[in-house]
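Step one of this worksheet: look at the structure below.
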Amino acid sequence: MKGAICWGVSICFVLSIESCKTDPNLNPEDPYSFQIPNGWPKARYNFENNPVSQVGFELGKKLFFDKRLSRDNTISCGSCHQPFSAFAQIGHDISHGVEDRLGTRNSPPLFNLNWHPSFFWDGGVNHLEVQPINPIQNPLEMDENFTNIIAKLNLDTDYKSRFSTVYGNDSITTPRILKALAQFMGLLISHQSKYDKYKQGDASFTASEISGYTVFQNNCASCHKEPLFSDFSLRNNGLKPSAVNDSGRAHITLNPADLYKFKVPSLRNLKYTTPYMHDGRFSSLEQVLDHYATGIHSSATLDPLLMNGIQLSSQQRSDLLVFLQTLDDEAFIKDKRFQEK
Amino acid sequence: MKKLLSLTMLLLLIFAYGCKRKDDPKPNVPTAPSLKLSFKNFVGNDTLSLNNEWYQNANGDSFSVTMYKYYISNIVLTKDDGSQFIDTNGYYLINSTDAASKVIDIKNITAGNYTKIQFLVGVDSLRNVSGAQTGALDPFFGMFWDWNSGYIMAKLEGNSPQSPNLSKQFVYHVGGFTGENNVLKTIQLTLPQKATVVSNSSSIIEIKSDVLEWFKTPTTISINSFPGAMNGGKPAKTISDNYADMFTITSVITSME
């Protein structure tokens, strides 16, 4: 008898341990767990306090593509961050907010965000979970507030049931919305380009790709650091200020030493993310390389590495462009998990 | 065997407790000591009255107040024996339009004779960089800067005929948690008399905040030349330096049950 009680007690004991577990990385084969690709550095965001799961990811995806997150229900996150454009908006120097309002900056692509120490072109936002507050509340973008969003979502029984599944009850709150969005955005990992396969020994480079890689390493890699192809620093890369006169990082720090500095973008998925630069002023990579060759605008905050621009022979230039194509990740933009429907 | 059985039962109980949802109601323990901080908002000697009351600042500007909010966190209470009670994870948003928000019930306060109190006006830097927060720190409350991450530690908004804005408003949103313009202020106050926190008693420490202090010492602020602070930096720092001395303890009341 005593033995039976002991067994019962032990089973309850084990069960109660089991129910306390929240390890998101229990199953390495789970496509909805967070895996750091081989050879990549540690991530900044590891879903601490936000254990990632398929249901959480799916809730985040629904929110990401939901136009009710904008004031007049016309714009979703996905309007300006489209899967086939590596979650940028192809062909738009700047994107349209509600009522076709226009901002001043190019919609950046979204991938490998868990490695970013800061967000937005000026690095003003310090954490993936609080990133969406900005476009949602910005009058030029979605122009909405969380009071309204929560009211709208509460009318939708599917949301009630999804929040309940993910969080244990159907209360819809701002932090829950933000954490679900972070689950979707954080799993947008682009790591299946030809370059990645080459680094893993699963693909070989052509002669042109190899020499382009060398050109890249000698001329670009100090800012566009492998394997994420950005060091995520904020630098003035010599773009002449436009009529908008966007002060960049100085808008955040109020420090003149940060004038015209913008976050170094990744070079992954360039094929899908035209146009380029913080204001989308260049529509082709040729124009970008022309800028670095002859277009550098000198100013007090110009990055010292660009004082003399980047001078390449025409062979180096064409090899570099061939190498950059190895960073395009078609598997990423076609990944079924990331599509709206 | 009996011993083993009671040990396993005890372990089971501990685990069951550990997995319990945090918001489960705790059984009522009538003897637990209680300590509350009651924040009273003033303008000089007058109780703050929103919207329709007119006041005068040190510069002679006439003003009314339409919004007054501030975060209180990192509360530390010191006993007469030098030991301390730390209110871990306590973040409170004092909102002048919400009576309940102005009374902080210190959870799990331990018995003792408390002589000093320390708190932060604002939200410590760690919570400014840790993603989506809950409770009083929920971004829902509009106290979080969305384009330049970080909490607005304190807000004062109102109207003044001296304001150069067409709307005649002034708006002070004080934030910024790094570098030379860090606005976080640690307030240390000695209680005018001991707060004796024991079983079967409840103590209330009344803390006055004085809006007039926002406008003076060390910098006298003219609403005409300084109608707004919305983006951190030097303006926010100036105001926080001013309001650092706005708190005083007006009374300590202990009543036995």
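As the structure is a computational prediction, the values presented were derived from the model and not from experiment. Below, read A as the first sequence line, B as the second, and so on, with proteins coming before strands; counting in each chain starts at 1.
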(request) Could you tell me which of A:Thr173, A:Leu128, A:Leu254 has the largest number of non-hydrogen atom pairs under 4.5 Å with chain B? (result) A:Leu254

(request) Would you indicate whether A:Glu48, at its atom CD, is surrounded by more than 12 heavy atoms from other residues, nucleotides or ligands within a distance under 6.0 Å? (result) yes

(request) Tell me, please, whether A:Phe119 has A:Lys263 positioned over its six-membered ring: NZ or CZ under 6.0 Å from the ring centre and within 45 degrees of its axis? (result) yes

(request) Please state whether the side chain, the backbone, both or neither of A:Ile252 comes within less than 4.5 Å of a heavy atom of chain B. (result) both

(message) Taking atom NZ as the centre, does A:Lys160 end up with more than 12 heavy-atom neighbours from other residues, nucleotides or ligands that are less than 6.0 angstrom away?
(response) yes

(request) Report the relative orientation of the aromatic rings in A:Phe184 and A:Phe57; use parallel for angles under 30°, tilted for 30 to 60°, perpendicular for over 60°. (result) tilted

(message) I'd like to know which of B:Gly176, B:Ser149, B:Pro139, B:Gly150 tops the heavy-atom pair count under 4.5 Å against chain A.
(response) B:Ser149

(message) Parallel, tilted or perpendicular: which one describes the rings of B:Tyr70 and B:Phe39, with boundaries at 30° and 60°?
(response) perpendicular

(message) Non-hydrogen contacts under 4.5 angstrom with chain A: give the residues of residues 121-136 of chain B involved, or none if there are none.
(response) B:Asn128, B:Val129, B:Ser130, B:Gly131, B:Ala132, B:Gln133, B:Thr134

(message) Give the interface residues of residues 151-163 of chain B toward chain A, defined by a heavy-atom separation under 4.5 Å.
(response) none

(request) State which residues pass side chain to side chain donor-acceptor pair (under 3.5 Å) with B:Asn242; sequence neighbours excluded, sorted by chain then number. (result) none

(message) Please check if the number of heavy atoms outside A:Lys67 that lie under 6.0 Å from its NZ is greater than 12.
(response) no

(request) Can you check whether anything in residues 143-155 of chain A gets within less than 4.5 Å of chain B, heavy-atom wise, and list it by number? (result) A:Phe146, A:Thr147, A:Ile150

(message) Under 3.5 Å, is there a donor on one side chain and an acceptor on the other for A:Thr253 and A:Asp258?
(response) yes

(message) Looking only at side-chain N and O atoms, does B:Asp61 offer a donor or acceptor that is under 3.5 Å from a partner on B:Asn59?
(response) yes

(request) Taking only Lys NZ, Arg NE, NH1 and NH2, and the carboxylate oxygens of Asp or Glu, determine whether B:Lys102 and B:Asp98 approach each other closer than 4.0 Å. (result) no

(message) Quick one about A:Glu129 and A:Tyr45 (side-chain donor to acceptor, distance below 3.5 Å, no hydrogens or angles considered), yes or no?
(response) yes

(request) Determine the interplanar angle of the B:Tyr243 and B:Trp214 rings, folded into 0 to 90°, and report it as parallel if under 30°, tilted if 30 to 60°, perpendicular if over 60°. (result) tilted

(message) Is the ring pair A:His116/A:Phe232 parallel, tilted or perpendicular, if the boundaries are 30 and 60 degrees?
(response) tilted

(message) Students often mix this up, so state it plainly: with edges at 30° and 60°, are the rings of B:Phe170 and B:Phe63 parallel, tilted or perpendicular?
(response) perpendicular

